[in-house]
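Along the sequence shown, residues carry numbers from 1.
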Amino acid sequence: MRSSAKILLALIVLIPLVAILSWPSGTSSRSGPAKGKAGDTLTISHIRVSDVTENTATITWQTDLDADSQVVWRKNVTEEHASPHLQELTTDHAAALDGLRPGTHYDFYVISQTSDGRIASARGPSFKTPGLAPFDNLCDRAIAKHMKRLPTMGTGIAWADFDNDGNLDVFIGCDRMFGAKLFRRRGRVFEDVTALDPSRFGGSARSVAWADFDGDGDLDLLIGRRSHVSLYANQGPPEWRFLDMSAILPAQKFYDVEGAGWIDYNNDGAVDVLATNGKYGILIFENQFAKQKRFINVSRQAGFGPGGAGSGFGDYISIGDYDRDGRTDFLYNLLTGMLFQNKGALFARAGNSGITYFCSSTRKIGTAFGDYDNDGNIDIFVPQRGQSRLFRNQGNGTFKDVIKQAGDLSKNTSASVGAWGDIDNDGDLDLYVGNEGAPNALYINLGKGKFEDRTEQYGLAADDHGEHGRARGMCFVDYDDDGDLDIYLHNYTAPDYFFENGLISEANHNYLKVKFSPTPCPVGASVSLCGKNGKKLLAIREISGGEGWGSQSPPEAHFGVKPGTYHVKVVFTNGRKKDIQTVVSPTGRNVVQIK
């Protein structure tokens, strides 16, 4: 009896596809008797799952009448529906599922039909395969499908909740006219809302960064373009559109703007503009909006401007307080690298810092600040062709390159950009490295300065995610607010990738997230995680005003941490401090909101 056409017809008629696509989660097995012609009903019972491996499982069941049966199965997902798979028709009351993914939950139905048309369906118990779940590329799913094929010449990306709805949105840059895109998270999808704004954010967008420059409670957007800097003020509800306010920036003879971001250079609590300007030097525009409704040019007073330090054809900047003195510094990719120390609204090059690397207008890179060894000092990863640099902060204003002792990380030969994030919630920062013309790589921090390449193990290898191109904008981001970090990678030539973290199960809530309201502006804030007594420092994070390849991470601090009692200590750039004791629950949503 091989009535495949009949059982498929029964599937379509009596078990609507909508129901299959919205199976609820659970573990119970239900029998589903159904009556076709007059007579006994058909019943499915004793459904079992056995021999579960990372890639296979065996399903068995019983029917009280002789019947053909079929297993319909799919991944158990919450954000959107997954397409079901149909197993071959069988009369053996058993089916072997293959092609399963490690560390993944599955749901299934058994559907049976007798030769005279009696049909039944029963949902089996959900099950999970062992092992580590690989990362999913969300650009292949409905949630982010519009992000996959963006215009080429990709540049920086910046994450923030610009509409204050609790969901992170993203601006994605492009070094071509009208190539940049603003995606707003609405429900289960990211929606392209670029065209809704009259300005369309026209022109190239090399560097992008969010901050509340006018103190009105919503985030505004700074864009570094080929020949100037643009400033867009968020107009707030109900439409959440942006007004081009570039006219309040000082008039300047721009030549080659590449790096741009936000920095509170004078520690007054208002974000100022930092931009590189080719042969015309580095620019600092001081925020005087509260008094004069404009920015003023203080580049020369700050040690920069035409003919000053940093004049030349460099590229991107990373902003952070490397010496932990409460004043924000920055690293500029010019010549052999220029680390500028903020001495109090006046910058000086840290000439004896030990920072040296190669960068040029033809070999642009995106550096990454992060305390990978949890000693309270900001370290720096510098991607390079041949062998990258891993500068460990010695805590005395100097750095030491320890890349040769960094395990698998020392073997990378084509890096162009890097980003730090605790991908496995074990308490220390891991490193994702984007490469030029080679597969990108995820390096897991093993402690004691060692990193292990787990790209293939975690399903991030090129074979799993198609072509690899020229990596540009890159950020770790908990886009779905589930307590683990996902990865967005913006490419110059290849499609974008949006990797959803599958390493952390729903039973592991070993994380603590610190969120901020837009006002006071958190850019430059230092967030320290301390033990129960508030004294022992466990880890630090900084809220960046710009980093990497013209990019910006979300204004949040994410810590992988075991359940227990902790102190969160926040220091804003104007000296304001917050000390909050919090309890990390093994099952709860562990979020501290700073206002």
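Taking 4.5 Å as the limit, some side-chain heavy atom of D478 sits within range of a side-chain heavy atom of D486. The shortest distance between side-chain heavy atoms of L512 and V568 falls below 4.5 Å. By the 4.5 Å heavy-atom criterion applied to side chains, F391 and I355 are counted as neighbours.
Taking the centre and axis of the six-membered ring of Y492, the NZ or CZ atom of R472 falls inside the cone set by 45° and 6.0 Å. For the pair R185 and F190, the cation-pi criterion (under 6.0 Å, within 45° of the ring axis) is fulfilled.
When atom types are taken as modelled, the side chain of N510 and the backbone of G560 share no donor-acceptor pair closer than 3.5 angstrom. Counting only distance, with no hydrogens or angles, the side chain of W262 and the backbone of G546 share no donor-acceptor pair below 3.5 Å. N501 places a side-chain N or O within 3.5 Å of a backbone atom of L485 that can act as its donor or acceptor partner. In terms of modelled atom types and a separation under 3.5 Å, the side chain of D371 and the main chain of G376 share a donor-acceptor contact. At distances below 3.5 Å, not a single donor-acceptor pair connects side-chain atoms of D256 with backbone N or O atoms of S227. With hydrogens and angles ignored, the 3.5 Å screen pairs no side-chain donor or acceptor of R349 with any backbone N or O of A309. Formation of a donor-acceptor pair under 3.5 Å by the S204 side chain with backbone atoms of R226 is found in this model. Listed for the N267 side chain is a donor-acceptor partner under 3.5 Å among the backbone atoms of T573. With S416 contributing its side chain and A471 its backbone, the two residues share a donor-acceptor pair below 3.5 Å. With D430 contributing its side chain and I423 its backbone, the two residues share a donor-acceptor pair below 3.5 Å.
Taking the six-membered ring where the residue is Trp, the centroids of F242 and F162 are separated by under 6.0 Å. The aromatic ring centroids of F347 and F330 lie less than 6.0 Å from each other. Under the 6.0 Å cut-off for aromatic ring centres, F135 and Y497 do not qualify, their centroids lying 6.0 Å or more apart. You'll find the ring centres of Y232 and F201 inside the 6.0 Å limit.
Using modelled atom types, one finds no donor on one side chain facing an acceptor on the other under 3.5 Å when comparing Q593 with K595. In summary, the side chains of Y265 and E286 do present a donor paired with an acceptor at a separation below 3.5 Å, with no hydrogens or angles considered. Side-chain atoms of H146 and D192 form no donor-acceptor pair, as typed in the model, at a separation below 3.5 Å. In the model, S526 has a side-chain atom that pairs as donor or acceptor with a side-chain atom of R324 under 3.5 Å. T519 and D212 form a side-chain donor-acceptor contact under 3.5 Å, judged by distance and modelled atom types alone. Side-chain atoms of S553 and E547 include a donor-acceptor pair closer than 3.5 Å. Using modelled atom types and a 3.5 Å distance limit, the side chains of S318 and T367 yield a donor-acceptor pair.
Across V523 and W210, no two heavy atoms sit closer than the pair CG2-O, 4.0 Å. Contact detail for K343 and A348: the closest heavy-atom pair is CE-CB, 3.8 Å. Considering all non-hydrogen atoms of both residues, L249 and V229 come closest at CD1-O, 3.7 Å. The minimum heavy-atom distance linking L231 with S246 is given by the pair N-OG, 3.0 Å.
A salt bridge is defined here as a Lys NZ or Arg NE, NH1 or NH2 lying under 4.0 Å from an Asp or Glu carboxylate O, and D481 with K515 meets this definition. Using a cut-off of 4.0 Å between Lys/Arg side-chain N and Asp/Glu carboxylate O, D136 and R141 are scored as salt-bridged. E258 and K364 are joined by a salt bridge, as a carboxylate oxygen and a charged side-chain nitrogen come within less than 4.0 angstrom of each other.
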>> One pair to check against ring pair (Phe, Tyr, Trp, His ring centres under 6.0 Å): F171 and F183. What are the steps and the verdict?
In response: CA-CA 6 Å; F171 189 90; F183 289 96; 9.4 Å; no
> For E500 and D480, what are the C-alpha separation, side-chain angles and deciding distance, and is it a side-chain contact (heavy atoms from CB on, under 4.5 Å)?
Replying inline: CA-CA 9 Å; E500 183 176 38; D480 50 3; 3.4 Å; yes
> What's the verdict on side-chain contact (heavy atoms from CB on, under 4.5 Å) for S353 and T398, showing C-alpha distance, side-chain angles and the deciding distance?
Replying inline: CA-CA 4 Å; S353 66; T398 66; 5.7 Å; no
>> Is there a side-chain contact (heavy atoms from CB on, under 4.5 Å) between R294 and F289? Walk through the geometry before answering.
In response: CA-CA 5 Å; R294 66 187 181 101; F289 192 82; over 6 Å; no
>> Using the rule given for side-chain contact (heavy atoms from CB on, under 4.5 Å), can you reason through N167 versus Y479, listing the C-alpha separation, both sets of side-chain angles and the distance that settles it, and then say yes or no?
In response: CA-CA 7 Å; N167 296 316; Y479 88 95; over 6 Å; no
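Taken to the nearest 0.5 Å, the CG atom of L346 stands 12.0 Å off from the CG atom of N266.
In terms of the side-chain contact (heavy atoms from CB on, under 4.5 Å) criterion, residue partners of L334 (sequence neighbours excluded) are, by chain and number, Y332, M338.
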Exercise answer: donor-acceptor pairs, residues 214-224 side-chain atoms, under 3.5 Å, sequence neighbours excluded:
from, atom 1, to, atom 2, distance (Å)
D216, OD1, D218, N, 3.3
D220, OD1, N234, N, 2.7
D220, OD2, F213, N, 3.1

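The aromatic rings of W420 and F381 lie perpendicular to each other, with more than 60° between the two planes, well past the 30° mark.
Applying the side chain to side chain donor-acceptor pair (under 3.5 Å) test to residues at least two apart or on different chains, the pairs with a partner in residues 153-163 are D163-R184.
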